[in-house]
Amino acid sequence: MNDAVRLVEVGARDGLQNEARTLAPAVRAELIGRLVEAGLRHIEAGAFVSPRWVPQMADTDQVLARLPKRADVTYSVLVPNERGVTAALAAGASEVAVFTAASEAFNQRNINCSIAESLARFEPVLQQAKAQSVPVRGYVSCVLGCPYQGHVPVEQVVRTASALARLGCHEISLGDTIGAGVPSAVRELLAACATALPLERLAVHFHDTRGMAVANCLAALEQGVRVFDSSVSGLGGCPYSPGATGNVASEELVYLFEGLGLNTGVDLDRLVAAGAFVDGHLGRATQSRVARAHHANNAANTTINSEST
Ligand code: HMG
Ligand code: MG
């Protein structure tokens, strides 16, 4: 088994877009800086979408302006259209991500257009990004179910992912937006996608609504996937996906992969501390069981140490 995996940290975007409390750009940038310090090298920093649709992502340009300038870190941002990519490139994003869905009903609610219309909108996005040698990632949402239409045929996922690849997206992230999948469905999905696309171009993006995300990541790993989207402290959700909860926690994936002997490049202590930082600002408790165990162990060690002195 290839011994390296890449985590795409989406907490500062997918995580924060769904929180009732909007964090100031300086706090979002501080979180991302801490994630870089923890060893993450591919980080979603925000989104250039309508602030009327997703107010939590307003002022992403101010987040980017505050980030440590590092050639070894990719700062990615979501863009829904040409206006978004123009703003993202002007703000210095090192990758942009377009997003559509395998479900017409979800796409209408999320970006107010059909799948075909979204793909047409992405053409000038890819042209602009390509002209500045900025890579474009592509997302397909609802790959294992839709909050509005329920079942999503696997062929529709393959069609949409292939269309994004044809447009020039270097990597396609398959999103289980509502956390509906189980490992057998993941295996079936990836086998179908692999008939149309090289597996190296696929990433997986599991929300953990039903507690299946770690199992699904393991299934994807065993199928050959090496790129995994995750959120520090299990932040996340989509405002247009009612009831869906956070992404798989980055802490869980670091614990899992390092335990399997795979290199993530991430320092778990620092990652847990970055999670505690953002949770403090949001006034929430961590959704990561690994982070909780980490805090409990630290508390136990502190007690033992203070008893022995
Ligand atoms: P619309 O209403 O159809 O289009 O929205 P519009 O052209 O009429 O624009 C509406 C307003 O947005 C206008 O402003 C535009 O100027 C402005 P107003 O006149 O109301 O003041 N606008 C913009 N502002 C900033 N940046 C832009 C931009 N474009 C237009 N780029 C639109 C269409 C796509 C803009 C809207 O639907 C939108 O922004 N949607 C974003 C939804 C979103 O961000 N969802 C969450 C991310 S997707 C996700 O979480 C799933 C994922 O994690 C994978 C998974 O889990 O499955 C990726
Ligand atoms: Mg998501």
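Every heavy atom of this structure was used, including side-chain atoms; hydrogens, water molecules and symmetry mates were not. Read the numbers this way: they start at 1 and go in the same order the structure lists the ligands and their atoms.
- Taking the six-membered ring for Trp and thresholds of 30 and 60 degrees, His205 and Tyr139 have ring planes more than 60 degrees apart, a perpendicular arrangement.
- Shortest contact from atom 46 (C) of ligand 1 to any protein heavy atom: Gln17 OE1, 3.4 Å.
- Only the side chain of Asp14 comes within contact range of ligand 1, with a heavy atom under 4.0 Å; no backbone atom does.
- Closest protein heavy atom to atom 55 (C) of ligand 1: Ser141 OG, 3.4 Å.
- Some N or O of Asn110 is nearer than 3.5 Å to an N or O of ligand 1, by distance alone.
- Scanning all protein heavy atoms for the shortest distance to atom 30 (C) of ligand 1 gives Asn81 ND2, 3.8 Å.
- Looking only at heavy atoms of the protein, atom 32 (C) of ligand 1 is closest to Ile111 O, 4.4 Å.
- For a threshold of 3.5 Å applied to N or O pairs, the pair formed by Asp176 and ligand 1 contains no separation below that value.
- With a 4.0 Å heavy-atom cut-off, ligand 1 is reached by the side chain of Val54 but not by its N, CA, C or O.
- Within the sub-2.8 Å shell of the Mg ion (ligand 2), the protein contributes these N/O/S atoms: Asp14 OD2, His205 NE2, His207 NE2.
- At a heavy-atom distance under 4.0 Å, no atom of Met57 approaches ligand 1.
- Distances between N or O atoms of His207 and those of ligand 1 include at least one value under 3.5 Å.
- Each of the atoms 1 (P), 2 (O), 3 (O) of ligand 1 lies under 4.0 Å from some heavy atom of Asn112.
- Under the 4.5 Å side-chain contact rule for hydrophobic residues, Val158 and Leu144 do not share a cluster.
- Close approach to Leu78 involves these atoms of ligand 1, each under 4.0 Å from a residue heavy atom: 47 (C).
- When only non-hydrogen protein atoms are considered, atom 10 (C) of ligand 1 lies nearest to Arg52 NH2, 4.0 Å.
- Residue, atom and distance of the protein heavy atom nearest to atom 22 (N) of ligand 1 are Arg83 NH1, 3.4 Å.
- Less than 4.0 angstrom separates some heavy atom of Phe48 from each of these atoms of ligand 1: 26 (N), 27 (C), 31 (N).
- Among all protein heavy atoms, the one lying closest to atom 25 (C) of ligand 1 is Val49 O, 3.2 Å.
- For atom 2 (O) of ligand 1, the nearest protein heavy atom (residue, atom name, distance) is Trp53 NE1, 3.5 Å.
- When distances from atom 6 (P) of ligand 1 to the protein are checked, no heavy atom turns up under 4.0 Å.
- In this structure, Arg13 is part of the shell of residues with a heavy atom less than 4.0 angstrom from ligand 1.
- Contact annotation: for Ser50 versus ligand 1, heavy atoms closer than 4.0 Å belong to both the backbone and the side chain.
- Using a 4.0 Å heavy-atom cutoff, Ala97 is absent from the residues neighbouring ligand 1.
- Ser94 and Thr74 share no side-chain donor-acceptor pair at under 3.5 Å.
- Neither the backbone nor the side chain of Asn247 comes within 4.0 Å of ligand 1, counting heavy atoms alone.
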